[in-house]
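Below, read A as the first sequence line, B as the second, and so on, with proteins coming before strands; counting in each chain starts at 1.
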2 protein chains.
Amino acid sequence: MTRERLTAQRLTRAAAELADEIGFANVTVSALARAFAVKPAALYSHVRDLQDLRVRVAALALAELADRAASALAGRAGKDALVAFAGAYRGYAKEHPGRYAAMQIELDGIDPRGEAAQAARRHAEMTRAILRGYRLAEPDQTDAVRMLHGTFHGFVSLEIAGGFRHTPRLVDASWSRTLDALHAVLTDWPPPEAGPR
Amino acid sequence: MTRERLTAQRLTRAAAELADEIGFANVTVSALARAFAVKPAALYSHVRDLQDLRVRVAALALAELADRAASALAGRAGKDALVAFAGAYRGYAKEHPGRYAAMQIELDGIDPRGEAAQAARRHAEMTRAILRGYRLAEPDQTDAVRMLHGTFHGFVSLEIAGGFRHTPRLVDASWSRTLDALHAVLTDWPPPEAGPR
DNA sequence: TCCCATCACTTAAAGGCTTTAAGTATTTGC
DNA sequence: GCAAATACTTAAAGCCTTTAAGTGATGGGA
């Protein structure tokens with residue numbers, strides 16, 4: 001019974017699977033060891049500790065999402081690109097809620113040369129690429145990047161958390177109209193202090 | 001030494017304090033018991049279990065935020081109301097990161113007649129009140145409520161998580177411009193499929 | 001081919017967490 | 001002033017993380 005040897009990569013992938021199945025918060029060294037029919041202590045040769053494992057899952061998810069977003073973006077521009085990128089984001093989050101949750105961990109003390117930080121940079125670059133279609137100059141571009149990121153993340157995480165389930169309106173429809181609204185406001189980005197009224 | 005008796009309310013309040021200090025994820029029955037110089041088991045007369053404690057903190061936070069938002073909204077309308085509401089939301093989240101995190105727990109299996117669900121309903125009502133200034137009919141109103149909620153939550157939680165710290169631009173400025181953009185798009189809410197280009 | 005070192009995992013153990021059950025002491029109501 | 005309820009402690013089981021030491025298989029060198 002020469003079972004497959006453990007590696008950090010295999011552990012990370014399995015942890016990501018587990019996260020989608022039982023929730024990111026329930027991904028523990030013990031649970032992962034059980035999945036490999038191995039004692040918990042065995043994992044510590046491959047992964048520093050639980051925190052390390054979780055950061056690895058976050059990095060995996062970030063990279064996967066960046067890949068998917070890049071594919072979605074390929075060959076598109078303008079509103080098309082916006083919708084495709086947003087769709088990739090939302091689709092990934094809904095297919096992989098555990099991985100998505102992993103991405104939300106504090107990325108503060110993370111190695112800026114690590115895979116996670118690199119994937120995060122790819123995301124930012126893609127968002128800026130979308131905005132190129134709208135001809136926004138700095139600092140408007142940065143503001144718009146932040147607004148887009150915030151809107152995507154906020155909408156999707158409220159949707160996953162069930163925050164929209166109390167109103168019958170289809171969430172897909174609201175998502176679509178939210179993208180229409182974002183497109184409109186990017187097309188005609190208002191100057192500062194557009195004035196009340 | 002007649003120390004103050006424990007109650008669910010006092011525990012909840014202390015847990016909220018603790019959450020802001022050490023992070024919501026680190027609020028445990030043990031830590032809370034320590035704060036009261038009491039054995040962990042003592043808490044179980046007042047609170048069903050850890051999950052119950054956490055839901056109580058979430059409900060407290062939701063109610064506090066609803067109060068603050070209501071004050072901010074009083075006597076305002078139009079963009080003024082939007083900015084005040086959003087400011088209350090962001091201010092609360094930044095002052096009380098632990099409580100804010102508590103609000104993000106799955107509210108799925110929650111008692112719909114409980115304090116938490118009630119506070120959530122107050123939030124939705126206030127958001128709709130803001131939108132009254134923009135004369136949106138259903139289903140646009142629901143879509144806009146979802147977009148606003150999502151944008152506020154997403155922006156603020158990315159900010160707290162440190163997602164904006166890699167660009168020098170002041171976050172306050174981006175927040176302000178994001179509100180300008182929301183105001184603009186609410187003022188001139190685009191019809192469905194506004195068409196690419 | 002044999003041996004030895006390394007590797008990959010197990011065993012063992014300490015310490016923290018949640019949660020229940022049973023015990024004790026204090027307070028409360030009559 | 002006494003009995004009963006209350007409020008907390010003690011005790012214990014079970015699960016978690018993490019480190020250290022142990023074991024057996026593997027594979028490279030002679």
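In this structure a side-chain-to-backbone donor-acceptor pair under 3.5 Å is missing from B:E17 to B:R13.
Computed from coordinates, the A:Q51 CD to D:dT17 C1' distance equals 13 Å when rounded to whole Å. Rounded to a whole Å, the CZ atom of A:R48 is 16 Å from the P atom of D:dT17. For the pair A:L32 CG and C:dC9 P, the computed distance is 12 Å after rounding to whole Å. Separating the CG atom of B:L50 from the C1' atom of D:dC16 is a distance of 14 Å, rounded to the nearest angstrom. Rounded to an integer number of Å, the gap from OH of B:Y44 to P of D:dC8 is 15 Å.
Annotation: of the two residues near DNA chain D, A:S30 and B:A42, the 5′-most nearest-nucleotide partner is B:A42.
The aromatic rings of B:F85 and B:F152 lie tilted to each other, with the angle between the two planes from 30° to 60°.
Looking at the side chain of A:H46, the nearest of the listed nucleotides D:dT19, D:dA7, C:dC9 is C:dC9.
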Could you go over nucleotides 22-25 of chain C and give all protein N or O partners under 3.5 Å, atom names and distances?
none

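Contacts classified as salt bridge (Lys or Arg N to Asp or Glu O under 4.0 Å) and involving residues 144-154 of chain B (residues at least two apart or in different chains) are not found.
Using a cutoff of 4.0 Å between basic side-chain nitrogens and carboxylate oxygens, B:D172 and B:R177 are not scored as salt-bridged.
With sequence neighbours excluded, the residues satisfying side chain to side chain contact (heavy atoms under 4.5 Å, CB included) with B:V55 are B:Q51, B:I105, B:I110.
Aromatic rings from B:H183 and B:Y134 are positioned such that their centres are separated by under 6.0 Å.
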